Amino acid sequence: MNPSLTPPQQAAVDHFEGPLLVLAGPGSGKTRVITYRIARLLQRGVLPEEILALTFTNKAAREMSERVYGLLGSARVHVSTFHSFCARLLRRFPDQVGLKDNFTILDAADQVQLVRQIMKELEFDTTTLDPRRVLNRISNARNNLITAEAFRQQYEERVGDPIDTVVYEVFPEYELQVLHQNSVDFDALLLHVVDILGGNEQMREFLDRTYRFVLVDEYQDTNLAQYRIVRGLSQIFPNLCATGDPDQSIYGWRGARPENLAQFEADFPQTQVVSLDQNFRSTQAIVQCAGQLISHNTRRHRSELFTENPPGDPVRLRVFADSEDEAHGVAEEIAEHVSAGRAKFSDFAIFYRVNALSRPVETALSFHGVPFQVASGYSFYDRAEVRDLLGFLRLIENPADDVAFSRVINRPARGIGEKTLQTVAAFAREHQLSLLAAAGQAEKIPGLGARRRGPLKEFHELIGNLAEAALKGRIDRLIERLIGEINYMSLWVDENDEVDEDRRGNVYELINAARLYEDAVQAGGDTPSLQGFLELASLTSEVDSVDESRGAVTLMTLHAAKGLEFPTVYILGVENGLIPHDRAMKHGDPASYQEERRLLFVGVTRAMQELNLTQTRRRNFRGSWRSTISSPYVPEMQLEVVCEDDELAPPVQSISQVDARIEKARLRYEASKKRQDSPAIMSAADLERRMRSEAIRIEKGGDAARRRQQADSDSPTDAAEQADESQSQETAEVSVPTESAGTALDEARQALQRLTQKKKSAAAATAKPPRFALGESVRHPRYGRGVVTEVSDGSSRATVTVQFEVDDRCETFVAAHCPLQPLGRTGNAS
DNA sequence: TCAGACGACATTTTT
DNA sequence: TGTCGTCTGA
């Protein structure tokens, strides 16, 4: 039918009724197949409204419906995320699960807050046990469809750990309160729908008939709830098309069940399986590399990925001295490529395992004048000011939303603190009221001084008035009125403070978002509502706003990279402990080890033309330098190893150079701000702050690098000599600014001095004789015998690095409190 | 009630 | 090294 489709792609497109499983490797044209398939179904007379396509991200949903639209010109096909599909369903049938149609959606932060509050009510200590861990347990249980009741039963039948003891009490209370507030969290959105499908056969049948053709993207990422939903919709009409790739399952830790994919054929006996193995995205070198890597996993569907693309450059592994070099090396290279006209900024993406790795890169990119955007991190809707205002809006929409009430009651300060809130809450519970309703009856609440009653009543009245206004007017006007009435901007008034300026900007941006929402909905012929706007806000995340067309380098975690592609990709920190991450390896679970490998596989397969993996010899980790070990996945791939170690001198040799560079960077920043076409790189103040701390770190890092040289060298005599040499080198470098004593000392140097002075005096105050010496033999309760290879200087945070006999394992400990036992010195290093 | 000091903490997180 | 929640004194 379409000449540009490969035979397997064509088969997937032409398949009509019955279950279809599309195993789609990375870059195999999956989205294309899905959109063509939808078009083909419509061509065959299926009605658009009979087709439901479910995705995990808004981005995927948007992309799919845009492409369907592009193909057909119009489409009333339902394309949405699991969560918004469920939200919409619950708005239609709220009473099925005991909600009202104006229910509000709790976000992650609200959930934590609620758990924290419940823990306090039940008199659990929130300092020793992080509410997030409790919430995690609850969420995990619910992902597996374990209700509070079932959890309690299970708990009683086995010996639980201390956390479960708390969960045991908190879980049912949490569920109850969420429901009482007429709200749902992300998990409940799905669970309620599972309940409807499982508990009401008539309803299930109705929905099954409504959505005769269901398509699910990224099926390997579905959790048990999503699995049930999909199955519930495909009984009478099992016209279910699932696409996925077991090799890209990277959300197991979050309850995703890749086995759903493996089980598909068993669940739907008539399944036709199509395997898409031709990669259209990457060069042969990249595809080959990815194939080598993933072949080390045990895989059920092991089809080889192949490509007919050109061979391309070999995949490189670049080794840098430390994370600063790594950051500057990458930034510099990107800057060069672009200024030489070989590429544009948006061609580049930088991936990393943990968000913490992005900071030095952000600094370096700014430094080299490279515009960038960071995906994830703080979402717009997570900003304090935005959440405040959304809290108000939620309370206006749903007066029972106690979490929202607690958030905004004292914002801006009305003199209602913790204590008062507790009194109100107690009264509310006793009389079965929402907090807002209780506030409205403040005069009846015992134990409240007159000084607290006034503000409570006023607040109640304010929300009431605004709720009335909300029924009539536009949402943007409502927010404006709200801001006016509570004098919200008075919280962020400092004209010169960039943070405040930023916050005010966000407030206007929220108003703007409301306006855009309203206009868009009206243009689509629907009626905008506060409810709809709130839903949009809760179910939208920042990752969606990553825009490849913005002319900027994209920075993101490997997880966030899934589904994207870039001409040139850098994957930073391909080191043991990062990929695979230490935490993931905690239990020595081979499944996690494989999931980490898949994560790297996902990163690798994002690259179209060029792929660079990087690693460093040492990394600044939470303030101290640690030597690194290469990732065990590295030897699994054919890579060209490039040592950038000696080539790249530290970017700043002396502190006096810092100011000149800061000035340059500031000019660049100002220029880019004026141009407006490229996104602002980083605020000038921010950049300066970072660069100064970087300069300080470089000083320390240089020091550490020399110490490493010393430790690494073979003979002790050599080490001593080198140490001497580096001493003199260091004086030569650092003394440059000191010698120019006539000139005013620059701020950075002062900062550096203050810092070192402070450190010195702190060290002097708590000075203890060093507990460990270089070359000393020690014993660790878990890792056994080892030799001290490095001891940091005598500050209170002194660290020892030990090379253990087992596996050549190398670990760094804080000297002050580590379980190392000295075993006396061995001959060679004193 | 609030601002600042102190100390515990530190993956990934489509919604 | 940073961030965030809790504690404490004004």
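The chains referred to below are lettered A, B, ... by the order of the sequence lines, with proteins before strands, and numbering in each begins at 1. Owing to the predicted nature of the structure, the values given are computational and were not obtained by experimental measurement.
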field: N/O donor-acceptor pair under 3.5 Å between A:Glu596 side chain and A:His581 backbone
entry: yes

- prompt: For the pair made of CG in A:Asp130 and C1' in C:dT3, what is the distance, rounded to whole Å?
  reply: 13 Å

message: Less than 4.0 angstrom between a side-chain N/O of A:Arg116 and OP1 or OP2 of C:dT6, yes or no?
response: yes

query: Taking CG from A:Leu578 and C1' from B:dA10, how many angstroms apart are they, rounded to a whole number?
result: 13 Å

field: Between C1' of B:dT15 and CG of A:Leu189, the distance in whole Å
entry: 8 Å

message: Between A:Lys30 and A:Glu218, does any side-chain N to carboxylate O distance fall below 4.0 Å?
response: yes

task: Would you indicate, yes or no, if B:dA10 has its OP1 or OP2 atom less than 4.0 angstrom from a side-chain nitrogen or oxygen of A:Arg583?
output: yes

- prompt: On a whole-Å scale, what distance lies between the C1' atoms belonging to C:dT6 and B:dT11?
  reply: 25 Å

- prompt: So which one's nearest nucleotide on DNA chain B is more toward 5', A:Lys562 or A:Arg133?
  reply: A:Arg133

N or O in side chain of A:Ser84 less than 4.0 angstrom from B:dT15 OP1/OP2: no

field: Heavy-atom donor-acceptor pair, A:Asp582 side chain to A:Leu578 backbone, under 3.5 Å
entry: no

- prompt: Got a salt bridge between A:Arg257 and A:Asp221, using NZ or NE/NH1/NH2 to carboxylate O under 4.0 Å?
  reply: no

- prompt: Any stacking of A:Trp253 on B:dT12, going by centres under 5.5 angstrom and planes within less than 30 degrees?
  reply: yes

query: Base, sugar-phosphate, or nothing: which does A:Arg353 touch, judged by heavy atoms less than 4.0 Å apart?
result: base

statement: Taken to the nearest whole Å, CG/A:Asn140 to C1'/B:dT15 is 16 Å

message: From CD of A:Gln248 over to P of B:dT12, roughly how many Å is that when rounded to an integer?
response: 21 Å

First of A:Tyr251 and A:Thr420 reached from the 5' end of DNA chain B, by closest nucleotide: A:Thr420

message: Heavy atoms from C-beta onward define the side chain here; which of C:dT3, B:dT12, B:dT15 lies closest to that of A:Asn355?
response: B:dT12

- prompt: When we call it a touch if two heavy atoms are under 4.0 Å apart, what does A:Asp221 touch: a base, just sugar-phosphate, or nothing?
  reply: base

query: Taking CG from A:Leu539 and C1' from B:dT13, how many angstroms apart are they, rounded to a whole number?
result: 15 Å

- request: Output the single nucleotide from B:dT15, B:dT12, C:dT3 whose closest atom is nearest the side chain of A:Arg359.
  value: C:dT3

- request: Could you state the atom-to-atom distance from CZ of A:Arg132 to P of B:dA10 in whole Å?
  value: 8 Å

- request: For B:dT12 and C:dG5, measure between their C1' atoms and round to the nearest Å.
  value: 23 Å

- prompt: Is any NZ, NE, NH1 or NH2 atom of the basic residue among A:Arg619 and A:Asp322 found under 4.0 Å from an Asp or Glu carboxylate oxygen of the other?
  reply: no

- prompt: Nearest-Å distance, CZ (A:Arg137) to P (B:dT13)?
  reply: 21 Å

